[in-house]
Amino acid sequence: PAAEAAFAAAAAAAPDSGVVTVSEPPTEVKGKDCEGSMVHAAPKDWCGKKKSDHGGSACLSHYEVEYLEEHSAELQAGLAALRKPGCFPHGLSVATMGYFRTGSTLLYNVARLWAALGAGKALVSGFQCKDPTMMGIGVEGSSTARCSVVCKDHEIRSGVPGRISVMLMSRRDPYESVCSRKL
């Protein structure tokens, strides 16, 4: 209920911000727990395909893990809320999209970090979005149904728009995008 209220408030504020929203928040897929290493159809270079050497999500960098360890006391209440059943919808697929030099990598890294904190070992993530249903993500009855994916791309590929739970888009004034290029 609290997550739905927050989602509704964000959706109501979105029209003036240029953000496109969906009508309903993503729902959790039922099934057995999943680990990213079970998602065999994900590209081999995506994080989460191999088991983590630090016990958490393989989609967290060494620096992110170090930060979490150093600030564990401060982050304890927030992480407990995020990991509480019903908060993070397992089986979620997120595509972060945007033209080059619009902040799409920052958007991807923020989404990846939130998903890694919420999904833990059940996350796979990387570049060039794939149809999540072809990986079994979000597909009830699949062994990977409760795994989650965050991907980044600069173009919308076949099978992604109609099957992704959430699509996030970055945007930037074209003048600033062109000026940020090294000539």
Side-chain angles (χ1 to χ4, degrees), residues 1-14 16-19 21-22 24-39 42 45-98 102-127 129 132 137-138 144-152 164-172 180:
E4 291 175 11
F7 183 84
D16 293 336
S17 66
V19 176
T21 61
V22 293
E24 297 178 18
T27 56
E28 182 151 339
V29 175
K30 298 193 183 322
K32 295 180 180 179
D33 285 343
C34 177
E35 287 194 21
S37 59
M38 297 166 58
V39 185
D45 60 337
W46 279 21
C47 68
K49 294 274 296 177
K50 296 178 183 169
K51 299 217 182 240
S52 165
D53 58 351
H54 51 73
S57 172
C59 290
L60 290 173
S61 73
H62 166 75
Y63 301 105
E64 292 163 341
V65 170
E66 191 175 280
Y67 183 89
L68 289 170
E69 289 170 354
E70 288 176 11
H71 299 277
S72 61
E74 303 164 53
L75 299 170
Q76 185 176 8
L79 290 174
L82 181 61
R83 293 173 179 158
K84 186 177 179 181
C87 182
F88 183 87
H90 292 272
L92 179 71
S93 52
V94 178
T96 60
M97 312 294 286
T102 61
S104 59
T105 300
L106 173 62
L107 180 63
Y108 164 76
N109 281 320
V110 170
R112 176 195 50 80
L113 182 56
W114 275 104
L117 295 174
K121 297 176 185 179
L123 179 67
V124 291
S125 184
F127 297 97
C129 295
I137 295 173
T144 56
R146 288 179 48 86
C147 276
S148 297
V149 61
V150 175
C151 62
K152 177 195 176 206
I164 207 86
S165 305
V166 177
M167 185 178 290
L168 303 173
M169 298 287 296
S170 60
R171 64 186 185 115
R172 188 177 185 190
S180 73

Check: V166 main-chain N/O paired with S93 side-chain donor or acceptor under 3.5 Å: no
Shortest non-hydrogen contact between F88 and S148, atoms and distance: CE2-OG, 3.6 Å
Gap between atom CG of L123 and atom OG of S57 - 0.5 Å precision: 5.0 Å
CD (E70) with more than 12 external heavy atoms under 6.0 Å: yes
Separation of E66 CD from H71 NE2 (nearest 0.5 Å): 9.0 Å
Option passing side-chain contact (heavy atoms from CB on, under 4.5 Å) with K152 (candidates C129, S104, S125): S104
Value rounded to 0.5 Å, distance of CZ in F127 from CG in D45: 9.5 Å
Residue among L107, L106, L113 satisfying side-chain contact (heavy atoms from CB on, under 4.5 Å) with V110: L106
Taking every non-hydrogen atom, the tightest pair across L60 and R112: CA-NH1, 4.1 Å
S165 to L92 - nearest heavy-atom pair and separation: CB-CD1, 3.6 Å
Side-chain donor/acceptor of R83 to backbone N/O of L117, under 3.5 Å: yes
Closest heavy-atom pair and its distance - K32, R146: O-CD, 3.2 Å
Donor-acceptor contact present, side-chain K121 to main-chain G36, <3.5 Å: no
Audit row: V150, W114, side chain to side chain contact (heavy atoms under 4.5 Å, CB included) steps and yes/no: CA-CA 10 Å; V150 175; W114 275 104; over 6 Å; no
Heavy-atom closest contact (G91 atom, I137 atom, distance): O-CG2, 3.9 Å
Between NE2 on residue H90 and CG on residue D33, distance to nearest 0.5 Å: 7.5 Å
Residues V149, W46; criterion side chain to side chain contact (heavy atoms under 4.5 Å, CB included); working and verdict: CA-CA 10 Å; V149 61; W46 279 21; 3.4 Å; yes
Distance, nearest 0.5 Å, that separates OG of S72 from CD of E74: 8.5 Å
Atom pair OG/OH of S170 and Y108 - distance to nearest 0.5 Å: 14.0 Å
